[in-house]
Amino acid sequence: MRRIAGRHGLTILTAEKLTAKQGKGGHALRDDESFKVIFGHIPLPFTATLEDIEAYLDKLEAGED
């Protein structure tokens, strides 16, 4: 998944600390050019699961085919 994200100029971020609000911790996608988080930050930071990230990347890949 990291290679696919890299092809689109994205980085997969992982929460360093576990908190009560975030549960088990989570992930987000960041745009490498602007350093803005583009996925996994709503409603709270790092709320995307790896499955959510994979589905998002699959949609990006399908859009370019």
Side-chain angles (χ1 to χ4, degrees):
M1 280 195 302
R2 289 184 192 267
R3 280 188 247 145
I4 294 170
R7 284 197 298 253
H8 294 282
L10 304 172
T11 300
I12 299 173
L13 304 174
T14 303
E16 292 182 15
K17 295 182 179 180
L18 304 179
T19 65
K21 287 184 180 179
Q22 295 171 347
K24 296 181 180 178
H27 306 279
L29 277 175
R30 181 189 70 196
D31 179 51
D32 292 337
E33 260 186 48
S34 65
F35 292 102
K36 291 184 179 181
V37 175
I38 60 166
F39 183 76
H41 61 292
I42 296 174
L44 297 170
F46 297 101
T47 54
T49 64
L50 284 177
E51 290 80 17
D52 296 335
I53 299 285
E54 184 176 23
Y56 184 88
L57 293 174
D58 287 343
K59 287 179 185 177
L60 281 179
E61 287 284 294
E64 290 192 358
D65 290 339

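Computation of the quantities below employed the complete heavy-atom set of this structure, encompassing side-chain atoms and omitting hydrogens, waters and symmetry-equivalent molecules. This one's a predicted model, so the numbers in the text were calculated from it and none came from an experiment.
Listed here is the closest heavy atom pair of Asp31 and Gly9: OD1-O, 3.6 Å. Ala48 and Gly40 get closest at one heavy-atom pair: CB-CA, 3.7 Å.
For Arg2, there are no salt bridge (charged side-chain N to carboxylate O under 4.0 Å, His left out) partners at least two apart in sequence or on another chain. Partners of Asp52 by side chain to side chain donor-acceptor pair (under 3.5 Å), not counting sequence neighbours, listed by chain and number: Thr49.
A side-chain contact (heavy atoms from CB on, under 4.5 Å) with Leu60 is found for one member of Ile4, Leu29, Leu10 and no other, namely Leu10.
No side-chain heavy atom of Phe46 sits less than 4.5 Å from a side-chain heavy atom of His41. In this structure, Phe39 and Thr47 have side chains that are not in contact, with every pair of non-hydrogen atoms separated by 4.5 Å or more. In this structure the side chain of Leu57 reaches within 4.5 angstrom of the side chain of Met1, judged on heavy atoms.
Judged as a salt bridge (charged side-chain N to carboxylate O under 4.0 Å, His left out), the pairs with a partner in residues 5-15 (not counting sequence neighbours) are, in order, Arg7-Glu61.
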Start with the C-alpha distance between Arg30 and Ile38, add both sets of side-chain angles, then the distance that settles side chain to side chain contact (heavy atoms under 4.5 Å, CB included), and finish with yes or no.
CA-CA 6 Å; Arg30 181 189 70 196; Ile38 60 166; over 6 Å; no
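For the atom pair NE2 of His27 and CD1 of Ile12, the computed distance is 8.5 Å after rounding to the nearest 0.5 Å.
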